[in-house]
*Asks:* 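Take a look at the following structure, please.
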There are 2 protein chains.
Amino acid sequence: MDKSPPETINTEARRASHGAVTLADVATLARVAPITVSRALNSPDSVSETLRSRIRTAVDQLGYVPNRMAGALASAKTKVIPVIVPSLSNVVFIEVIEGVQETLTAHGYQLLLGTTDYNLEREAELVSALLGWAPPGVMIAGLRHLPRTNTILKNAGLPVVEMMEYGARCIDMNVGLSHVRAGMEMAEHLLSRGYRKIGFVGTRLRDDYRARQRYDGMHRRLLESKIASDMLFDYPGGGSQQLGWNALGDILKSNPELDALFFASDEMAVGAILRAQREGIAIPGRIAIAGFNGLPVSTLVTPSLTTIISPRKLMGHTAAEMLLARIAGGSPAARRVNVGLELAAREST
Amino acid sequence: MDKSPPETINTEARRASHGAVTLADVATLARVAPITVSRALNSPDSVSETLRSRIRTAVDQLGYVPNRMAGALASAKTKVIPVIVPSLSNVVFIEVIEGVQETLTAHGYQLLLGTTDYNLEREAELVSALLGWAPPGVMIAGLRHLPRTNTILKNAGLPVVEMMEYGARCIDMNVGLSHVRAGMEMAEHLLSRGYRKIGFVGTRLRDDYRARQRYDGMHRRLLESKIASDMLFDYPGGGSQQLGWNALGDILKSNPELDALFFASDEMAVGAILRAQREGIAIPGRIAIAGFNGLPVSTLVTPSLTTIISPRKLMGHTAAEMLLARIAGGSPAARRVNVGLELAAREST
DNA sequence: CTGAAAGCGCTTACAG
DNA sequence: CTGAAAGCGCTTACAG
């Protein structure tokens, strides 16, 4: 096949063009009006069998692919939905995106992906840029944005779903869980198992305020108890297993009085457990370890990891369904959904 | 702020409209022609200081966001690039996407994400649908597509990068590594360490032909050696750690004669190691374990995992750079890039 | 440096 | 069931 576009069709064009086959080309070949081709493609039932098959032949022969931008511009309807998350390095966002993608795809929508790297300025720019695609709705991680971002989204007058965390105030719709509550539940659990000096280990906590909320929840509950205390460790450099591995060594040396560590993610907690295995450190004898997310690996490590399970795919599905309900003109079952969480008490504590 | 769009502007419109502020609105407020607003935004230097600041004020006051679809339609230029991968469940694709995203974003491009779930029919549909956005280029995982997909992509006359695997024939450009070679190198390694009865463990191998290529490479090398043999295990249900965990138990029972297992991914291999830890199975004494990818966790488990390291982010960066070079009208440094691989011999073998 | 006109490739709204 | 006209919101190409 020839790789160059069919230039001949446009030799006389005065303007830039995609050089691609258009509706008009199909119409000419099928000897009908362009609008009839449009109908044959978008609402086949409204076109006679005869013309429909003639048009189909022409479409196939020319390899016609409708220009979505022209269609969207004319009809003021798009099926592309921006999904904005902080990062792809965190499994949690991936699984939410997967859930969103599954639901969107099933309804013929496409996903336009944006990542902010936890930077709210960048988030604001991204929101502006993506609104330029005149999307029918927007999905965004988190409830905290710059005032500017909130204003833009509100003024856009579109359905918006804020995901990942559940809170009292949202722009439009909200699906998530309470991270403060997660922290409180873990504190409760650690207290009940007799731990009294607890470290919280996270990374980039200035940006990752959801992790900080888990710390806040834990901190509050421990204070209340009057029998336990905590310390906060904020490591630079991404929430990986390597970080958990490093943290365990550092902390045992610098703060030997601690008897439990609550990590910001299962990945970090697993890293700590692997380090303990390697060095023969007893878990939970010497120190207890807990995580957050409920990744599958949490049941496979030895000792198995105490963690808080969050329904990530469900969050994605629910968020997408709510958005689609609103786009379809209806209203979702609820405007705010708390997907909940579940503490899994296992061997590591 | 009022959540509804500024209806008043369009009360007399005969057609659907986004109800959004347009270039014309800004032009009216700034008392200039629309084209001048367009210039002030796209090539500020070509507009006088006076008008430029008047326009800027109007833009801010109205909260104007340019409609990208109208712009793209008129100029035949878009900055959205479709990226098509089989799945998001596999870290490998995520890291490639991250690399792609970093490079695209740095050049002002956006990423339109499509997943095929390893289904070539679905891939073909996705390619058609995404070409409807008249993108300046396409990035797609894999060298194997339906003939129809190849034809569509070739006829589109756009820059196309096929990623993940390196091979002799590509549609346009290619960045990847040789999976056959990876399998051969692992076979070589296992032979050199004295293993003679080797199992290859994968999942959905009918669809994941790159994993099957690694098996083929291993198989070929073992046959050549005349001293070793292999078996192929294809488990249903996603390449998770859980799968590796299950596989280790099954295989030790059903095929106790095997002395080494080469897993299709590090995740699966790590699952097997965790199972062995739990049950006190000696690795590599009772059975050797090897993986593929070189995930960070491979160095953290005990025993550390022998694996093949692939430069995933580099692949993403390189692929995006090649595409952008072609979009900019130049030609990339090379049309085909083999990013290579590196066998890391560790404790598990 | 600034603008009036035409056009990008579709769909809406109105006729027949 | 089929079509001619107008328009979606921009930018190109041509003038001044």
Side-chain angles (χ1 to χ4, degrees), chain A residues 5 9-10 12-28 30-55 59 62 64-79 131-136, chain B residues 5 9-10 12-28 30-55 59 62 64-79 131-136:
Chain A
I9 290 183
N10 290 288
E12 303 178 301
R14 293 173 50 213
R15 302 170 53 81
S17 127
H18 304 299
V21 178
T22 70
L23 239 196
D25 298 328
V26 176
T28 305
R31 285 169 293 119
V32 295
I35 182 62
T36 306
V37 178
S38 171
R39 287 200 189 99
L41 263 33
N42 298 323
S43 48
D45 291 342
S46 67
V47 174
S48 70
E49 175 56 39
T50 329
L51 292 192
R52 210 189 311 155
S53 75
R54 219 155 80 202
I55 289 169
V59 164
L62 296 174
Y64 171 63
V65 177
N67 183 319
R68 306 278 166 186
M69 293 189 294
L73 187 61
S75 67
K77 281 177 200 146
T78 337
K79 292 204 156 193
L131 283 180
W133 292 98
Chain B
I9 291 180
N10 289 287
E12 304 177 303
R14 295 173 49 215
R15 302 172 54 82
S17 126
H18 304 301
V21 178
T22 70
L23 239 197
D25 298 328
V26 177
T28 305
R31 285 170 294 120
V32 296
I35 182 62
T36 306
V37 178
S38 171
R39 288 199 189 101
L41 263 33
N42 299 323
S43 48
D45 291 342
S46 67
V47 174
S48 71
E49 174 57 39
T50 328
L51 292 192
R52 210 189 310 155
S53 75
R54 220 156 77 202
I55 289 168
V59 164
L62 296 173
Y64 171 63
V65 176
N67 183 319
R68 306 278 166 188
M69 295 189 293
L73 186 60
S75 67
K77 281 176 200 145
T78 337
K79 292 203 154 191
L131 283 180
W133 292 97

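Just so you know, these numbers use all the heavy atoms, side chains as well, and skip hydrogens, waters and symmetry mates. Chain letters run A, B, ... following the sequence lines, proteins first, then strands; residues in each count from 1.
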*Asks:* Below the 4.0 Å mark, does C:dC1 have OP1 or OP2 next to a side-chain nitrogen or oxygen of B:Ser48?
*Replies:*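 For C:dC1, neither OP1 nor OP2 has a side-chain N or O of B:Ser48 closer than 4.0 Å.
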*Asks:* Mind listing the closest non-hydrogen atom pair of B:Arg39 and B:Val47 along with its distance?
*Replies:*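 That closest heavy-atom pairing would be CB-CG2, 3.6 Å.
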*Asks:* For the side chain of B:Lys77, counting heavy atoms from C-beta on, which of C:dC10, D:dT2, D:dT12 is nearest?
*Replies:*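 My answer, after comparing the listed nucleotides, is D:dT12.
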*Asks:* Please check the phosphate of C:dT11 (OP1 and OP2 only) for any side-chain N or O of A:Ser38 closer than 4.0 Å.
*Replies:*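 Affirmative; the distance criterion is met.
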*Asks:* Figure out the CG/P separation between B:Leu23 and C:dA4, and round it to whole Å.
*Replies:*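 The answer, rounded to whole Å, is 14 Å.
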*Asks:* Answer with base, sugar-phosphate or nothing: what part of the nucleic acid does A:Ala33 contact at a heavy-atom distance below 4.0 Å?
*Replies:*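 Answer is sugar-phosphate: A:Ala33 comes under 4.0 Å of backbone atoms only.
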*Asks:* Between C:dC1 atom C1' and B:Arg31 atom CZ, what is the distance in whole Å?
*Replies:*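 It works out to 17 Å between those atoms.
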*Asks:* Classify the side chain of A:Arg68 versus the base of C:dG9 as yes if they form a donor-acceptor pair under 3.5 Å and no if they do not.
*Replies:*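 Result: no qualifying N/O pair found.
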*Asks:* Look at B:Asn67 and D:dC8 and indicate whether a side-chain polar atom (N or O) is within less than 4.0 Å of OP1 or OP2.
*Replies:*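 So the side chain of B:Asn67 is outside the cut-off, no N or O lying under 4.0 Å from OP1 or OP2 of D:dC8.
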*Asks:* Can you give me the closest heavy-atom contact between B:Trp133 and A:Thr78, atom names plus distance?
*Replies:*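 Where B:Trp133 meets A:Thr78 most closely, the heavy atoms are CH2-CG2, 3.3 Å.
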*Asks:* Quick one: does A:Leu23's side chain get under 4.5 Å of A:Ser38's, heavy atoms only?
*Replies:*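 Yes; the side chains approach each other to less than 4.5 Å.
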*Asks:* Using purine N1 to pyrimidine N3 plus N6-O4 or O6-N4 for Watson-Crick, or N1-O2 and O6-N3 for G-U wobble, each under 3.5 Å, what pairs with D:dG3?
*Replies:*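 Partner of D:dG3: C:dC14.
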*Asks:* Starting from the 5' end of DNA chain C, give me the residue, B:Glu49 or A:Thr22, whose nearest nucleotide shows up first.
*Replies:*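 With B:Glu49 and A:Thr22 compared, the 5'-side residue is B:Glu49.
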*Asks:* Taking the minimum atom-to-atom distance to the side chain of A:Arg39, which one of C:dT2, D:dC8, C:dC14 wins?
*Replies:*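 The nucleotide sitting nearest to the side chain is C:dC14.
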*Asks:* Check the distance between D:dT11's P and B:Asn42's CG and give it to me in whole angstrom.
*Replies:*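 Rounded to the whole Å, the gap is 5 Å.
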*Asks:* Between D:dG9 atom C1' and A:Met69 atom CE, what is the distance in whole Å?
*Replies:*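 Rounding to the nearest Å, CE of A:Met69 and C1' of D:dG9 are 13 Å apart.
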*Asks:* Measure the distance from CG on A:Asp45 to P on D:dC1 and round it to the nearest whole Å.
*Replies:*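 Atom CG in A:Asp45 sits about 9 Å away from atom P in D:dC1.
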*Asks:* Measure the distance from OH on A:Tyr64 to C1' on C:dG9 and round it to the nearest whole Å.
*Replies:*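 Atom OH in A:Tyr64 sits about 7 Å away from atom C1' in C:dG9.
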*Asks:* Of all heavy-atom pairs between B:Ala134 and A:Met69, which one has the smallest distance, and what is that distance?
*Replies:*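 Smallest heavy-atom distance, with atoms named: CB-CE, 3.9 Å.
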*Asks:* Tell me whether the OP1 or OP2 atom of C:dT2 has a side-chain N or O from B:Thr36 closer than 4.0 Å.
*Replies:*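 B:Thr36 to C:dT2 OP1/OP2: no side-chain N or O under 4.0 Å.
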*Asks:* Could you say whether B:Ala70 or B:Leu51 is positioned toward the 5' end of DNA chain C, judged by the nucleotide with the nearest heavy atom to each?
*Replies:*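 In this pair, the answer is B:Leu51.
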*Asks:* Between A:Leu73 and B:Asn67, is any pair of side-chain heavy atoms under 4.5 Å apart?
*Replies:*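 Counting from C-beta outward, A:Leu73 and B:Asn67 do come under 4.5 Å.
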*Asks:* Just the rounded figure in Å: distance from C1' of C:dG9 to CG of A:Leu62.
*Replies:*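 About 15 Å, once rounded to whole Å.
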*Asks:* Once you round it to whole Å, what is the distance between P of C:dT2 and CD1 of B:Ile35?
*Replies:*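 Taking atom P of C:dT2 as the reference, CD1 of B:Ile35 is at 12 Å.
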